[in-house]
Each structure stands twice: as C-alpha cells, then as structure tokens.
**Q** 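Okay, here's the structure, questions in a sec.
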Amino acid sequence: MQFLFDNFFALTISGLALGAVYALIALGYTMVYGVLQFINFAHSEVFMYGTFAVVWVLYFMGASGTTGPAVYGKFAIALLVAMAVSASVALLLERVAYRPLIRRGAPRLIALISAIGASFMLAEAMGLRDRLVGFVGLDDELAPYVARARDTRGLPLEIPRVGLFTIGDYRVTNIDVIVILSALLMMVLLDQFVRRSRLGRGIRAVAQDPESAALMGVNSTRVVQLTFLLGGIMAGAAATLYMVRIGATRFDAGFLMGVKAFTAAVMGGIGNLRGALLGGFVLGVAENWGSAVIGTEWKDVVAFALLVLILLFRPTGLLGESLGKARA
Amino acid sequence: MLLEVEDLSVNYGHIEAIRGLTFGVEEGSIATLIGANGAGKSTTLKTISGLRKIRTGRVLFDGKDIAKVPAHERVQLGISQSPEGRGVFPGMTVRENLDMGAYARKDRSSAALKPDFDRVLELFPRLSERINQVAGTMSGGEQQMLAMGRALMARPRLVLLDEPSMGLAPKLIQQIFEIIKEINAQGTTVLLVEQNAAQALRLADTAHLLETGEIVRSGTGHELATDSSVREAYLGG
Ligand SMILES: Nc1ncnc2c1ncn2[C@@H]1O[C@H](COP(=O)(O)OP(=O)(O)OP(=O)(O)O)[C@@H](O)[C@H]1O
Ligand SMILES: [Mg+2]
C-alpha cells in the first residue's frame, strides 16, 4: 500500500498511457460488435500486424542512428504505415473470414469460430514468416528459424525520453504525453466521424436497425467494411503507440493486449465508443494501482477481477447502451 | 402503371408467404392491400422494397424490372417504405431520423432539405415539438408519425405504408388517414397495407384482399367496401 502512495502519480500516468492503448484497440471490438453483434476475435492480430509494420518500416528507412526532430518524422511515417497495414488486415478478415459466412446465413457463433481460427492463422503466419516468404527452404532445418522468427523483435530506433513537467513527484515524459494525447485525438476524431458524418450516421443506422437502414438507402456491406476499416486504423495507431512505449513485439503480442482491450470494451459497455475509452483508461490505471498494492504478478488478476466486479453491479458495462442506442 | 407486380411468389424456407400475386398501382393513386394476420401483406411490401427475395414473378417500377436492384438502391429509384412496427432508429433524435430519410438523396444540403423538413413538420406538427427528442423514448403514435415523415424525406414517387394506424387511438387513426390523403394529394403515389379495412377502403382508389398469400378480391375501394363477403369477414358485417 505504501508503494502505491509513494508512486501514486507515476503509477496513474503510466496507467493512463497503457489504458490509452487498450482503448484504441477496444474501439475496434466495440464498433464491429455494435454493427454486427459479433466479436471479431482476430482483432488482436490486426493490432499485432501493426506493431510489426512499425518495426519493418523503421528498419526499411534505415532509422537507427537518427537523431533530432527526424526521429519524430520517422515515427509519424511508421504510424501511417501501421494504420494502413492494420486496416488492410482488418479488411481482409472481413472479406475472407466473415462476409462469406454471413452471406450464406450462418449464425454469429459460426463467424466467431471462424474469427478465432483466423486469429491463430495470422499469429502463426507471423511466427513462421521467414519460412513463408521463402528465406527458409522447405528442406532446411526448420527449428532454429522458427525459434528466431518467434523471438521478440525490438525497434532500431526509439524516441529519447525527456522529462517535460512534474505532477506530484512524477516527472511526466514526452512519451507519456505523446501516447495519451495522440490516443485521445484519434478517439475524438472517430467519435466525431461516427456522430456527424453521413457515413457515420449510416454506421449508427445499421447498428440500430439493419432493415430500416437498407430502406433508407444505406449499403450495409459498405458499412460493415467501413467499421472494420476504422477499427483497423485505430488498432494501427494503438500498435504504434505501444511500440513507442514498449519498443518490442512478438508474433503472439496481440493475444494478451487483445484480451485486455476486449475487457476494456465490455467494461465500458460493449458497442459504446465512449465506453471503450473509459474502460481502457479504467483498466490501465486499475492494473497499475492493483499491481502496486498486491504485486506485479497479480496485474492480470486485478484486471479481470475488476471486470467481474463491474459487471456484477452494472451488467451492461459502465456506460451501458450500445453504439446504436447511444445518444448523439 | 407506376408499379406492376406480376405473378409474384415469395417463400420463407418451405413456407409460401405469397403466391402468384398480380396487381398494379397507377401513378398518383392510392392502392391498398387488406387481409387478416399472416395473409402476406408485409411480405408483399418488403419484396417491393427489396428486403425479401423474389422466388418467381416480377416487380416492375416505372416499366423496369427491379428484381436485381438491391434494397438500398431502390430508394433512389423513388420507392420509400415506412416499415411495419415503425422501425425508427431508436437512438437517433427526430431530426436525425428525418435526416436518415434523405440519406440516399443526391441533394443533401440543408438548403435542399429545408422544404421537405417543413413539409413533414407541417404534416406532423407533433414532430416539430419533439425535434430533438430521442426516437426510442417517444410514444408509439409519435414513432409512427416519425416513420411516415422519414419515408417522405426521400421525396419518393411511391410510398409503401405498412399499417400506419397500428396501435393508435381512434382519434389519431382518423388523423393519420387524413394525412395519407394529403400526402397523395401532394403528388405521391401510395400503397397502403392496413388491418383497419374500413378506413383504408374509404381512401383507396384500388384495393386487393389477400387471404393466405393470394389475392381473392380486387376492385375499387368502394367495390370492396360494399362486397358482402368482405363486409362479413373484415368489416364486421
Ligand atoms: N421472417 C419470416 N420467417 C418465416 N416466416 C415468415 C417471416 N415473415 C413472415 N413469415 C410468414 O409469412 C406469412 C405472411 O406474413 P406477413 O408478415 O407478410 O403477414 P401480414 O399480412 O403482414 O400479417 P400482419 O397483418 O399480422 O402484419 C405468415 O404466415 C408469416 O408467419
Ligand atoms: Mg404485416
């Protein structure tokens, strides 16, 4: 307990930064759920591919050794590429693992199983990438390559940490500020898009009443694609911020982040964009506080115990209402 | 004929909901389909607006076969539906719901929509009092008005109304039928589905009686209203 009090601001602010990443990923779960009442289990991989995109882009640009403002420029490019990569993976998922099933009238449960399968496939493909892209021949000894492809990949370049200002006794760094502010900015943009734009209205219409939406002239196939696309873009942004904070990734890095983000979405009220935001921050901060009180190894236990507690008292999550029903 | 339905059949699985329907709706007229619960009235409207798949037969709008046109493109052709059970967007305000009605229009600037907004709010003054209320919290009758108003926002040539009087108080029913007459007088063709046969027949230029998926009587509204078997079964003798 004393540790929590002594490091209260440090724990809270790094919890917010962690929560910002959860929240950005959670948006993808919650939007797709709002429109389709379907959990896109493979969304964790959409995020994970984004983290690798960041690694590759920075290597490709020969980023190591960069200094000064150019560092930020390179991360900005990495952000755009990661968003594009994650969005492409999300669109591919929709096209391959989701649309054909629903078009044939399969129940949502079948689509969920298909998404779980796609999740494993995407993760394993990343874990075997050298072999898949032909760097490793079929007759080579596989084990060492597999082992290497499954190692953690670090970034060749990191944003140097600079203390900016002090809250309590914690020196807030540029990384904290970048992560929290960019996540908030992305979320505000998405929220405004869904609330104000014509396409955003189409999304809400399909979420609230798909048949009426069709009668109004909303093309629900396009709306579904758009939701996957937006979720993918948010996951790509999350991936970049994650790499800015953590600096390394692995083929299975999506799993725990995905589960946590999904937890955040449910905690905030699945289907509700602002709920995902709130759930992400609550979860990130609670994890940090909880692990300060009862030990870091209990971090995940704290997260899920909190979920159960919240759902006991508010079964529809903190903000309840779905994307559809949420008031403009 | 603005709308021609030829030998139309629609199935739900193995159940035939409608069988060999043939009827037409003249431009500028009011046509009505009446019949008992489960006769296939809603199915007919949903098929015209593209929500249900045709098994056999054709639907012609303005002389063109629209079987291949997906539902979300039919509103652009000029077909607009106020669905059964209202189908308003519960989480949107009245204004947003009306905006959704104009979703498919090419001219979506607020200046272009203004006359239509005004027209709808004039037809349904209740809606203008509640313009910022969330539709899901409105009474059944208000939602019904909103659904009709929303259907008009598309500036349709043909509006399909599925039981607009359902669940309304008698006084309001009277009002709704007046409004339908007014909508028609302003130049919109109306295809009306009603349980409330007496009122619908009084309004309709042409009427068709459906029984278990088939048309068993057709004629002018007056003819059906005075037909002895129709009177007995649907108008309470
Ligand atoms: N989605 C569906 N799945 C299976 N059967 C359906 C479906 N919708 C309608 N039906 C069946 O098709 C038949 C016609 O239904 P429809 O809704 O067109 O009747 P209706 O004339 O509009 O009735 P009501 O006056 O009660 O609204 C009914 O027997 C109904 O049970
Ligand atoms: Mg019906």
Side-chain angles (χ1 to χ4, degrees), chain A residues 30-31 33-37 99 102-107 191-227 269-275 316-317 319-328, chain B residues 12-13 42 45-46 48-53 69-106 108-109 132-137 143 146-147 150-151 153-156 159-162:
Chain A
T30 225
M31 282 188 66
Y33 183 84
V35 168
L36 296 167
Q37 283 77 54
R99 200 192 303 172
I102 295 305
R103 185 166 283 167
R104 289 175 178 77
D191 192 67
Q192 290 303 306
F193 176 79
V194 171
R195 267 152 219 274
R196 306 237 181 276
S197 74
R198 170 167 180 267
L199 282 173
R201 281 226 171 115
I203 293 179
R204 293 171 59 212
V206 174
Q208 293 180 26
D209 189 330
E211 284 209 336
S212 287
L215 292 177
M216 302 300 112
V218 182
N219 181 343
S220 64
T221 310
R222 288 278 165 281
V223 161
V224 169
Q225 272 183 327
L226 179 66
T227 17
I270 185 105
N272 185 321
L273 293 186
R274 292 177 183 183
T316 54
L319 296 189
E321 299 168 326
S322 67
L323 170 74
K325 313 269 155 52
R327 185 160 163 5
Chain B
Y12 293 106
S42 297
L45 290 197
K46 284 176 183 166
I48 295 168
S49 57
L51 295 177
R52 297 288 176 271
K53 265 221 219 64
V69 182
H72 64 90
E73 285 172 18
R74 293 193 189 189
V75 60
Q76 270 162 334
L77 297 178
I79 303 174
S80 188
Q81 183 179 349
S82 168
E84 184 175 35
R86 306 172 186 118
V88 298
F89 299 111
M92 297 191 193
T93 63
V94 169
R95 183 186 295 282
E96 287 177 312
N97 265 280
L98 292 177
D99 263 340
M100 279 308 301
Y103 188 87
R105 276 173 55 170
K106 298 244 149 48
R108 244 175 295 101
S109 69
N132 290 318
Q133 187 171 338
V134 180
T137 65
Q143 292 189 24
L146 179 56
R150 186 183 64 179
M153 288 300 292
R155 274 205 203 160
V159 64
L160 312 172
L161 303 175
D162 198 342

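Per chain, numbering begins at 1; letters A, B, ... match sequence-line order. None of the values given here were measured: they were computed from a predicted structure.
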**Q** Are Glu96(B) and Phe89(B) packed together at the side-chain level, in the sense that at least one heavy-atom pair is separated by less than 4.5 angstrom?
**A** no
**Q** Determine the option with the most heavy-atom pairs under 4.5 angstrom with chain A, choosing from Gln81(B), Met153(B), Lys46(B).
**A** Gln81(B)
**Q** By salt bridge (charged side-chain N to carboxylate O under 4.0 Å, His left out), which residues pair with Arg52(B), not counting sequence neighbours?
**A** Glu211(A)
**Q** Just to verify, what does Arg222(A) make a salt bridge (charged side-chain N to carboxylate O under 4.0 Å, His left out) with, not counting sequence neighbours?
**A** none
**Q** Which answer fits Ala71(B), side chain, backbone, both or neither, if we ask what part of it has an atom under 4.5 Å from a heavy atom of chain A?
**A** both
**Q** Does any heavy atom of chain A fall under 4.5 Å from the side chain of Asn97(B), the backbone, both, or neither of them?
**A** neither
**Q** So what's closer than 4.5 Å to chain A heavy atoms on Arg105(B): side chain, backbone, both or neither?
**A** neither
**Q** I'd like to know if Asp99(B) and Arg95(B) make a salt bridge, using a cut-off of under 4.0 Å between side-chain N and carboxylate O.
**A** no
